[in-house]
Chemist: 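The structure is given below, and queries will be raised subsequently.
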Amino acid sequence: MAEAPKNFIERIIEEDLEKSTYGGRVHTRFPPEPNGYLHIGHAKSIVLNFELAKKYGGKCNLRFDDTNPLTEKQEYVDAIKRDVKWLGYEWDEERYASDYFDRLYEFAVTLIKKGLAYVDSLPPEKIKEYRGDWNTPGRESPYRNRSVEENLELFERMRRGEFKEGECVLRAKIDMRSPNMNLRDPILYRIIHAPHYRQGAKWCIYPTYDMAHGQSDAIEGITHSICTLEFEDHRPLYEWLLKAIGLPEPHPKQIEFARLELTYTVLSKRRLIELVEGGYVAGWDDPRMPTLSGMRRRGYPPEAIRRFCREIGVSKVNAVVPLERLEECVRDVLNKTAPRRLAVLRPLRVVIENYPEGQVEWLDALNNPEDPNAGTRKVPFSRVIYIERDDFMEAPPPKFYRLAPGREVRLRYAYFIKCVDVVKDEKGEVVELRCTYDPATKGGKAPDGRKVKATIHWVSAAHAVDAEVRLYDRLFLKEDPTDVPEGVDWKTNVNPNSLEVLYPCKLEPSLAGAKPGERFQFERLGYFCVDPDSTPERLVFNRTVTLKDEWAKLKQKTRGEAA
RNA sequence: UGGGGUGUGGUGUAACGGCAGCACACCGGCCUUUGGAGCCGGCUGUGGAGGUUCGAAUCCUCCCACCCCAGCCA
């Protein structure tokens, strides 16, 4: 068998395995901060970390990087755990950086004792000023050379709450002239007089990311600490701290990869919050949101998201992936798994003149042509049916194969019908079609072998179940939603038509008992998922994704050429 | 402007000194009781200039472009 192509991270891991850098161990972690909901970008990291562990017989922890009590909440922890599980992963250990606060404090004391950290009493503005910039080396704080004893005492007083926020911080003593800003005496501990959602009022000093992350990795025995590209500059600090504290070797290895970007999507926490708080969407789980909870509600199967994350690969190149690619994965999975049903979204009444009044036939329909084991079901046929408005045109253009005056088409699983008359209202709008059917074509087969160009879907009017259907389109008008002229709000790129609600749509009766979360293909239309808002009295479906539509593409193309 | 990183078809990724491959998209054909699915075929690429080498996407030099860094966020 041909070797599966390896990404650069797998290469590094295999080299470590070969050299036994970590005694043959592989231990990764997914380290979210519980201050927001997980989105498709996190999914890339989740899939990467968990599947790397699995592939090499290692472990993967779920670790909450909860070092900032101002923004973190248990609610987010719960949501994150739910989403990771939904995606299909089980962590080996559930850890919290906040559980390490005691040890982290001891690490800080160790650094002070080694003369590698000091309490700085410069106010925030001064610290910023002393840091310099890219072209100017920083200056050393006048407090940089306090004695170990003084630093120890000051740090202890910080812990006891004797200082106000901003009055002092603990800093690593590295190099104020370093071209890497992260090495200009980075802040390790700051004072925040706020209770922590897990630690309560125990602490009023909290470690920064740099102080907490690598040390947490080391505590947990993480071997490969995978993060995104923006932390590349932090790696020297990551390594410096591990060594300075004297954590046992081998130290975990930080590896950076490019985060996911998707067209027609924003993934920054800040922007996602703006969408929710600005009322552009109904909430974090709005089916238009790129959050995992939104996608779940939209009807995306977790398998599709996993597949997508594997397909896009891992590298260090900032890459924007077309949204269509995700949708293609969704279609792929649903095509194999979603039961087919007949549903008419925009009903047009059709009377079959030569079909006996009052007669009903229950016809056999395949549940899934892709899956022979899916079986069949019965759908009722009668004299009055609904078809899709789009499936009829009074003056059909070339290449339009569906119903038109005088034309014959097949009703899926039923009969051939021919349009003999068009009924309009006073405004000239088509309100009803009069058709005839050919009794010899029952089941959709013509014994004389004649062909029709199209097969359309339909629902018996007398048996139809009414439902609300929510049609979703991309949330933004532009591939890059943040692309706006100077001074213009990026949210002007929000698509005003990203949601269209249809009612009453007509469903075949077998859909009557559909439960929230159930997914179906409405034939010729797309995949649909029952929304949690759905009740037995009023069914609500979300359109997950449309089917590929050659006709729509053709229409668009000819329109483009005409323009 | 200092530092760190990255450039392979339209898009995303392989090839790690030896035939530039794969997937998606796109185009064409076949098939079809979903204009779906499936099947077959096709197009398009190593950022640029030098150099080393029998041989360079790969090594060297210079240039160009893009991304990240000046939070007591992560």
Side-chain angles (χ1 to χ4, degrees), chain A residues 2 4-8 11 31-33 35-36 65-68 70-72 120 123-124 127-129 131-138 165-171 178-184 186-192 205-206 208-210 212-213 227-236 256 258 263 269 311-322 324-325 328-329 331-332 335-336 340 342 365-366 368-370 399-402 409-414 416 441 443-446 451-457 521-526 546-554:
Chain A
K6 292 184 183 74
N7 63 49
F8 77 103
R11 223 178 271 290
E33 186 191 10
N35 69 347
D65 241 344
D66 52 356
T67 57
N68 186 347
L70 266 15
T71 56
E72 297 153 4
D120 194 355
I127 288 185
K128 183 178 163 67
E129 184 188 321
R131 185 151 37 218
D133 59 38
W134 297 327
N135 308 306
T136 329
E165 288 184 17
E167 222 178 319
C168 48
V169 289
L170 184 74
R171 292 231 248 170
S178 171
N180 181 345
M181 301 296 271
N182 292 300
L183 265 20
R184 319 250 262 227
I187 289 165
L188 267 19
Y189 263 93
R190 64 318 196 177
I191 296 168
I192 302 176
I205 58 171
Y206 292 93
T208 56
Y209 165 84
D210 289 305
H213 197 91
C227 62
T228 43
L229 253 25
E230 68 270 27
F231 292 103
E232 232 155 4
D233 284 348
H234 290 244
R235 193 180 344 125
E256 311 86 10
T263 59
K269 207 166 281 180
E311 277 183 8
I312 56 173
V314 180
S315 71
K316 300 190 69 149
V317 184
N318 284 99
V320 185
V321 178
E324 293 77 15
R325 185 120 185 211
E328 197 44 39
C329 292
R331 287 193 190 99
D332 248 14
N335 177 46
K336 299 283 193 300
R340 313 289 131 121
L342 298 180
L366 255 26
N368 188 344
E370 298 291 314
K399 301 267 180 70
F400 181 86
Y401 302 145
R402 285 108 96 150
V409 299
R410 171 168 36 234
L411 294 177
R412 174 138 246 224
Y413 300 124
F416 285 13
T441 57
K445 285 177 280 287
K451 300 258 193 271
V452 287
K453 292 279 270 184
T455 299
I456 65 173
H457 60 276
Q521 184 197 97
F522 291 172
E523 292 215 23
R524 301 209 309 130
L525 296 172
T546 61
L547 251 29
K548 279 198 222 160
D549 189 344
E550 283 290 320
W551 170 242
K553 214 162 74 181
L554 236 174

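Sequence lines set the chain letters: A, B, ... in the order given, protein chains first and strands last, and positions in each chain run from 1.
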Chemist: Distance check needed: B:rG3 P versus A:N180 CG, whole Å only.
Modeler: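 To the nearest whole Å, that distance equals 11 Å.
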
Chemist: If every non-hydrogen atom of A:L183 is compared with every non-hydrogen atom of A:P236, which pair is closest and at what distance?
Modeler: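 Residues A:L183 and A:P236, closest heavy atoms: CD2-CB, 4.1 Å.
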
Chemist: Are there any protein N/O atoms within less than 3.5 Å of an N/O atom in nucleotides 10-12 of chain B, and if so, which ones and at what distance?
Modeler:
{"unit_1": "B:rG12", "atom_1": "O2'", "unit_2": "A:I312", "atom_2": "O", "d": "2.7"}

Chemist: Any strand counts, and the cut-off is 3.5 Å on both contacts for Watson-Crick or G-U wobble. Which nucleotide pairs with B:rG28?
Modeler: B:rC40

Chemist: On a whole-Å scale, what distance lies between the C1' atoms belonging to B:rC72 and B:rU6?
Modeler: 31 Å

Chemist: Within this structure, what is the CG-to-C1' distance between A:L547 and B:rG36, rounded to whole angstrom?
Modeler: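 So the CG-C1' distance, A:L547 to B:rG36, works out to 4 Å.
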
Chemist: Can you check the distance between B:rC24 and B:rC39, where both ends of the measurement are the P atom (answer in whole Å)?
Modeler: 10 Å

Chemist: Expressed in whole Å, how much space separates the P atoms belonging to B:rU8 and B:rG48?
Modeler: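 About 11 Å, rounded to a whole number of Å.
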
Chemist: Find the distance A:N335:CG to B:rG36:C1' and express it as a whole number of Å.
Modeler: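 Distance, rounded to whole Å: 7 Å.
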
Chemist: Whole angstrom is fine here: how far is it from CG in A:L554 over to P in B:rG28?
Modeler: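 Nearest whole value for this atom pair: 9 Å.
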
Chemist: Compare the minimum distances between each of B:rC68, B:rG2, B:rC24 and the side chain of A:N135, then state the nucleotide with the smallest one.
Modeler: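 The nucleotide sitting nearest to the side chain is B:rG2.
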
Chemist: Return the pairing partner of B:rA65 with a 3.5 Å limit on both distances, Watson-Crick or G-U wobble; otherwise return none.
Modeler: B:rU6

Chemist: How would you label the contact of A:G138 with the nucleic acid (heavy atoms, under 4.0 Å): base, sugar-phosphate, or nothing?
Modeler: nothing

Chemist: Pick the C1' atom in B:rU32 and in B:rG10, then give their distance to the nearest Å.
Modeler: 30 Å

Chemist: For B:rC66 and B:rU44, measure between their P atoms and round to the nearest Å.
Modeler: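 Here B:rC66 and B:rU44 have their P atoms 29 Å from each other.
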
Chemist: What is the distance from atom CZ of A:R235 to atom CD of A:E256, rounded to the nearest 0.5 Å?
Modeler: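 Between A:R235 CZ and A:E256 CD, I get 4.0 Å after rounding to 0.5 Å.
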
Chemist: Could you check how far CZ of A:F8 sits from C1' of B:rG5, rounded to whole Å?
Modeler: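 Roughly 11 Å, once rounded to whole Å.
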
Chemist: Checking base pairs now: Watson-Crick or wobble, both atom distances under 3.5 Å. What partners B:rC16?
Modeler: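 When the pairing criteria are applied, nothing turns out to pair with B:rC16, so the answer is none.
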
Chemist: Locate the shortest heavy-atom distance separating A:I187 from A:R171; write the atom from each residue and the value.
Modeler: CG1-CD, 3.8 Å

Chemist: Between B:rG35 atom P and A:I456 atom CD1, what is the distance in whole Å?
Modeler: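 So the CD1-P distance, A:I456 to B:rG35, works out to 10 Å.
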
Chemist: In whole Å, what separates the P atom of B:rC67 from that of B:rC40?
Modeler: 42 Å

Chemist: Taking atom C1' in both B:rC60 and B:rG17, compute the distance separating them and give it to the nearest angstrom.
Modeler: 14 Å

Chemist: Hey, is the side chain of A:E232 pairing donor to acceptor with the base of B:rG3 inside 3.5 Å?
Modeler: no

Chemist: For the CZ atom of A:R325 and the OG1 atom of A:T263, what is their distance to the nearest 0.5 Å?
Modeler: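 Output value for this atom pair is 11.5 Å.
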
Chemist: Syn versus anti for B:rG10, judged by chi lying within 90° of 0?
Modeler: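 Base orientation relative to the sugar is anti.
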
Chemist: Whole angstrom is fine here: how far is it from CD1 in A:I127 over to P in B:rA70?
Modeler: 15 Å

Chemist: Taking only the C1' atom of each, what is the distance from B:rG9 to B:rG42 in whole angstrom?
Modeler: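 It works out to 14 Å between them.
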
Chemist: Mind checking A:P137 for me? I need base, sugar-phosphate or nothing, with any heavy atom below 4.0 Å counting as a touch.
Modeler: nothing

Chemist: With a 3.5 Å limit on both atom pairs, tell me what B:rC59 is paired to, counting Watson-Crick and G-U wobble, or say none.
Modeler: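 Here B:rC59 is engaged in a pair, and the nucleotide opposite it is B:rG51.
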
Chemist: Quick one: on RNA chain B, does A:L229 or A:V314 contact a more 5' nucleotide (nearest heavy atom)?
Modeler: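 Mapping each residue to its closest nucleotide by heavy atoms, the 5'-most match is A:L229.
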
Chemist: Roughly, in whole Å, what's the span from CG in A:D133 to P in B:rG3?
Modeler: 14 Å

Chemist: Between A:T441 and A:E167, which has a closest nucleotide on RNA chain B that is more 5'?
Modeler: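 Closer to the 5' end of RNA chain B: A:T441.
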
Chemist: I need the minimum non-hydrogen distance between A:Q521 and A:L547, along with the two atoms involved.
Modeler: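 Shortest heavy-atom contact: NE2-CD1, 3.8 Å.
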
Chemist: Regarding B:rG4, can its base be found pairing with the side chain of A:R235 as donor and acceptor, where the two atoms are less than 3.5 Å apart?
Modeler: no

Chemist: Is A:W134 stacked against the base of B:rC69, taking the criterion as centroid distance under 5.5 angstrom and interplanar angle under 30°?
Modeler: yes

Chemist: Taking N and O atoms by type only, does the side chain of A:D233 place a donor or acceptor under 3.5 Å from a partner on the base of B:rG3?
Modeler: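 Counting by modelled atom types and ignoring angles, a donor-acceptor contact under 3.5 Å is found here.
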
